[in-house]
Amino acid sequence: MEDLQATEEAAFVAEDVNNIIKESIDSILLNATYTQQKVGQWTSQIVESCMKRTTALNKPFKYVVTCVIMQKNGAGLHTASSCYWDNATDGSRTVRWENKTMYCVTTVFGLAF
Amino acid sequence: MSAKDFITEPAFNAKFRQGKAQEIISEVLKTKLTNVTYHPDNTSTWTREIADDIKGKLKEMGLERYKFVVQVVIGEQRGEGVKMGCRCFWDPNTDSYATAEFSNGSIFCVAAAYGIYLY
């Protein structure tokens with residue numbers, strides 16, 4: 001019964017996901033300047049890229065990936081999340097990224113089933 | 001060993017309903033954010049309180065076997081551009097989400113709540 005021994009692999013590993021998110025954002029936003037027309041496309045590409053790579057880890061998890069891109073204008077931004085889940089198996093990872101013209105905050109939530 | 005032990009999905013009336021959840025979220029945002037002004041010190045407290053409030057109200061909906069994730073973003077209104085997107089890898093038969101926005105002259109706020117079924 002190999003399934004029953006999988007408890008170590010069945011916990012959300014934040015480290016692997018951290019790298020995945022950073023690489024996804026870098027590949028799409030690295031030298032880009034904030035453009036109103038492209039922003040929609042960028043958020044879609046980032047979440048899709050994160051999604052593809054986290055699901056490729058082949059773990060028994062459901063994922064929710066969110067991405068917020070904001071133009072640098074001197075304004076403040078606050079995010080918070082509150083989760084009702086099983087602390088032993090579920091987890092999340094948030095990565096804050098910025099360049100000269102914009103901020104990007106991407107979060108991946110992993111929920112075991 | 002009754003038939004109840006073998007169900008793999010929630011009954012129709014025990015599913016995460018998007019409309020009801022959206023009402024709950026809008027209600028919380030309106031109650032907490034009408035007439036507030038952005039201030040860097042207390043805005044982060046507000047985001048946390050709103051997220052916890054929404055989570056509490058979703059728990060009161062009484063949906064068994066559902067896990068909730070609530071995300072709240074509050075920003076200062078200064079004419080900047082913002083875009084928020086999400087993708088979910090789940091079972092569309094049982095899982096769903098709801099979002100609501102609120103804005104006034106000095107802040108904008110987006111709240112998203114995701115309901116995930118535990119088999």
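Basis for what follows: all heavy atoms, side chains included, without hydrogens, waters or symmetry-related copies. Lettering of chains follows the sequences in order, A, B, ..., and the numbering in each one begins at 1.
Both the backbone and the side chain of F68(B) come within less than 4.5 Å of a heavy atom of chain A. Neither the backbone nor the side chain of D53(B) comes within contact range of chain A; no heavy atom of the residue lies under 4.5 Å from a heavy atom of that chain. In this structure, chain B has a heavy atom under 4.5 Å from the side chain of T55(A), while its backbone stays farther away. Looking at Y66(B), only its backbone comes within 4.5 Å of chain A, counting heavy atoms on both sides. If you measure heavy-atom distances from T43(A) to chain B, the contacts under 4.5 Å come from the side chain alone.
Once rounded to the nearest 0.5 Å, the distance linking CZ of F89(B) with SG of C50(A) reads 14.5 Å. In this structure, C67(A) SG and R87(B) CZ are separated by 10.5 Å, a value rounded to the nearest 0.5 Å. Note that SG of C109(B) and NE2 of H78(A) are 11.5 Å apart. Values are rounded to the nearest 0.5 Å. Considering CG of D91(B) and NZ of K62(A), their distance stands at 5.0 Å, rounded to 0.5 Å.
In plain terms, the two heavy atoms of D52(B) and S82(A) that are nearest each other are OD1-OG, 2.9 Å. The minimum heavy-atom distance linking S81(A) with A51(B) is given by the pair C-CB, 4.2 Å. Taking both residues in full, the closest heavy atoms of L77(A) and Y38(B) are given as N-OH, 4.3 Å, listed atom of the first, atom of the second, then distance.
When the side chains of ILVMFWY residues are joined at heavy-atom separations under 4.5 Å, either directly or via intervening members, F12(A) and V95(A) end up in a single hydrophobic cluster. Under a hydrophobic clustering in which Ile, Leu, Val, Met, Phe, Trp and Tyr are joined whenever their side-chain heavy atoms come within less than 4.5 Å, directly or via other members, I69(A) and I21(A) fall into the same cluster. M61(B) and L29(B) fall within a single hydrophobic cluster, where Ile, Leu, Val, Met, Phe, Trp and Tyr side chains are chained together by heavy-atom contacts under 4.5 Å. F61(A) and I20(A) end up in different hydrophobic clusters when Ile, Leu, Val, Met, Phe, Trp and Tyr side chains are linked at under 4.5 Å. At a threshold of 4.5 Å between side-chain heavy atoms, the hydrophobic network of Ile, Leu, Val, Met, Phe, Trp and Tyr places I28(A) and V39(A) in one connected group.
Listed options L118(B), V110(B), I116(B), L58(B) were ranked by heavy-atom pairs under 4.5 angstrom with chain A; first place goes to I116(B). Of the listed residues (M84(B), E80(B), R48(B)), the one with the most heavy-atom contacts under 4.5 Å to chain A is E80(B). No other option in A111(B), G56(B), G75(B), G85(B) has as many heavy-atom pairs under 4.5 Å with chain A as G85(B). Comparing Q77(B), K83(B), K55(B), K59(B) by how many heavy-atom pairs each has under 4.5 Å with chain A, the most go to K83(B). Most heavy-atom pairs under 4.5 Å with chain B, from the set A80(A), S92(A), G74(A): that is A80(A).
Other residues, nucleotides and ligands contribute more than 12 heavy atoms inside 6.0 Å of the NZ atom of K72(A).
In summary, of the residues considered (I74(B), T47(B), V73(B)), a side-chain contact (heavy atoms from CB on, under 4.5 Å) with T79(A) occurs for V73(B) alone.
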Q. Can you list the steps and then say if V82(B) with V68(A) is a side-chain contact (heavy atoms from CB on, under 4.5 Å)?
A. CA-CA 7 Å; V82(B) 188; V68(A) 184; 3.9 Å; yes
Q | Pair K67(B)-D90(A), salt bridge (charged side-chain N to carboxylate O under 4.0 Å, His left out): steps then yes or no | A | CA-CA 10 Å; K67(B) 294 181 177 178; D90(A) 307 327; 2.7 Å; yes
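Between W90(B) and V64(A), some side-chain heavy-atom pair lies under the 4.5 Å cut-off.
Within residues 100-113 of chain A, the residues approaching chain B closer than 4.5 Å by heavy atoms are, in numerical order, T107(A), F109(A), L111(A), A112(A), F113(A).
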